[in-house]
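All remarks here apply to the structure that follows.
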2 protein chains.
Amino acid sequence: MRLRVFSLYVRLTPLSDTILPPVSSKVLKNMIEKGVILSSMKPLIESRAKLKPIFISNLGISENKRLFSTGNKELVVKAGKTLYGRIGAVFDGNMENVFSDTSEIETPYGKFRYEIDRLEFTEIGSKLNISKDSNIKITFMTPTLLSSKMYLPPSLADKYKEIDVGFSLLPTPGLIAAAAYRTYYGAIGNANKPEVNTRAFKLNVLVNSFTRVINYELKPVTIVLGNDEKGNLRKSRGVIGWIEFDIVHDKFRDALLKYLNVARFLGIGRSRGIGLGEISIVGTRKIQSS
Amino acid sequence: MRLRVFSLYVRLTPLSDTILPPVSSKVLKNMIEKGVILSSMKPLIESRAKLKPIFISNLGISENKRLFSTGNKELVVKAGKTLYGRIGAVFDGNMENVFSDTSEIETPYGKFRYEIDRLEFTEIGSKLNISKDSNIKITFMTPTLLSSKMYLPPSLADKYKEIDVGFSLLPTPGLIAAAAYRTYYGAIGNANKPEVNTRAFKLNVLVNSFTRVINYELKPVTIVLGNDEKGNLRKSRGVIGWIEFDIVHDKFRDALLKYLNVARFLGIGRSRGIGLGEISIVGTRKIQSS
């Protein structure tokens, strides 16, 4: 069987007024941890492996408008208001636990009605279908954390492994490509091979070399991740918005579309397991400029 | 004598209502071309050499607010309204022609009163003074054109020299560093040495690797450059706004501050000779994040 990834789209409706956690993906995560839905994914969620091939979205007021906290304002949701969520993972052929035994699920954030909307699949290795007369537009639906270290040549990685640089916040097409490539390799189970870093680095450099940026609306945002064990507020800083670009080199364009095809299910960058780095991708018509 | 660059800050006041050209730097450029001011720079302006060490600003309603056309709206200026301009170049010890013989100068855009405000200097090779407990904030006062090809490894430059990629529009700190380095080498007269491209490439990759981006407000803009010989409207697309970042590697931070020290006089990227890529640089206090 060919390797596939899937997205399970669900609806959650709180039965009473509720305050969501700052990272609202915790509601779905809690359901998996308790074994009520997708219990086969529990070990993956608890694992500390890198590039884990799982994505648990934040809840949204629609499939594209996710809820997450950027400050002190609480995420209050009224009883009966439908919220939308998504879980992305590698498809192992076993879907038995997708359907919960019960349609009402108890969580630390209150009781929710749980409904499945649909399952979407794609084959890993197939290319996202955006024709060459279109630009590529990528929307960052949730804060996306792209490490500056993805620019570092792998030959220097050991020398500087103790330095914590942080995030770039400027999602260059090269950085997006490197991150999508890492997601892709996480999905096919080869994330720890040393050549992955070498290829990701080359992809980063060369995609940036051959890309004309057309337009963007990007905004750095601070996201509240909740409290750590000591009770300190944990935050991170990522980017939301969109970027539209054109890659003038067919080989790298095709490579990017192959990796993006997986990344639209599993996200890009850090903390995809809690719903950061969720992206959507469309082709946009090229306008001839003078 | 140590090599220096200078900025000549001038004030131009139109004696009657006027419509400025879409790229308002043409007013100052016309005065130099006619030999009324800074006539020693005429050959440099007319030369087609790369990385020419000259910057002629667009005119501004202040020294920081430049006027340029992003569409069909004309740049109308009332009689008596003071406009601010700047010319940056390498200082050759000869300043005799700074002071125009006449204080009223005729141009194709009307007659202007010409006054000198001040001259500023810096030594090439000295470092912009921003302490390590500050972040670096760079403001793009006019559309800045940073070529995507600055990401291309020099070993591949020949292979792809026919491909016109275009501009990146995302001013990553690495791309800024590579562009400022090229400006610097233009100023010391070594712009055509092959190692300049190699070093610019390494600087691009490594500055990006060691930089945490803190914040930005950036906006792609289309700028009208006027008509070409055939009467077609020429446009280009660059970025304006600001970016604030921190470089965690002292060696690259110091290198960047050395190149930026020249770039604040001569600009970065393409079309500096007509006032694009004008930047200002300040240190901003670091805020401890949790």
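Quick caveat: nothing in here was measured; it's all calculated off a predicted structure. Convention: sequence-line order gives letters A, B, ...; per-chain numbering from 1.
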Give me the atom names and distance for the closest heavy-atom approach of [X] to [Y].
| X | Y | answer |
| --- | --- | --- |
| B:P173 | A:L170 | CD-CD1, 4.1 Å |
| A:T172 | B:T172 | CG2-CG2, 3.3 Å |
| A:R212 | B:G166 | NE-CA, 4.2 Å |
| B:S148 | A:N208 | CB-O, 3.4 Å |

Check the surroundings of atom [atom1] in [X]: do more than 12 heavy atoms from other residues, nucleotides or ligands lie under 6.0 Å from it?
| X | atom1 | result |
| --- | --- | --- |
| A:K52 | NZ | yes |
| B:N129 | CG | no |
| A:R270 | CZ | no |

Between [X] and chain A, which part of the residue has a heavy atom less than 4.5 Å away: side chain, backbone, both or neither?
| X | result |
| --- | --- |
| B:I214 | backbone |
| B:V239 | side chain |
| B:L218 | both |
| B:Y216 | both |
| B:N215 | both |
| B:F201 | side chain |
| B:L175 | neither |

Item checked: Distance, nearest 0.5 Å, that separates CG of A:L169 from OG1 of B:T211 -> 11.5 Å
Next item on the list: Report the distance from atom CG of B:L156 to atom CG of A:L206, rounding to the nearest 0.5 Å.
Entry: 6.5 Å
Notebook entry, point to check: Given the side-chain rings of A:F210 and B:Y160, with only the six-membered ring counted for Trp, is the space between their centroids under 6.0 Å?
Noted result: yes
Checklist line | Any A:P220 side-chain heavy atom under 4.5 Å of B:V213 side chain | finding: no
Margin query: The test is side chain to side chain contact (heavy atoms under 4.5 Å, CB included); show your working for B:D164 and A:V248 and say whether it passes.
Written below: CA-CA 9 Å; B:D164 174 26; A:V248 302; over 6 Å; no
Item checked: Selection from A:K149, A:R237, A:K219 maximising heavy-atom pairs under 4.5 Å formed with chain B -> A:R237
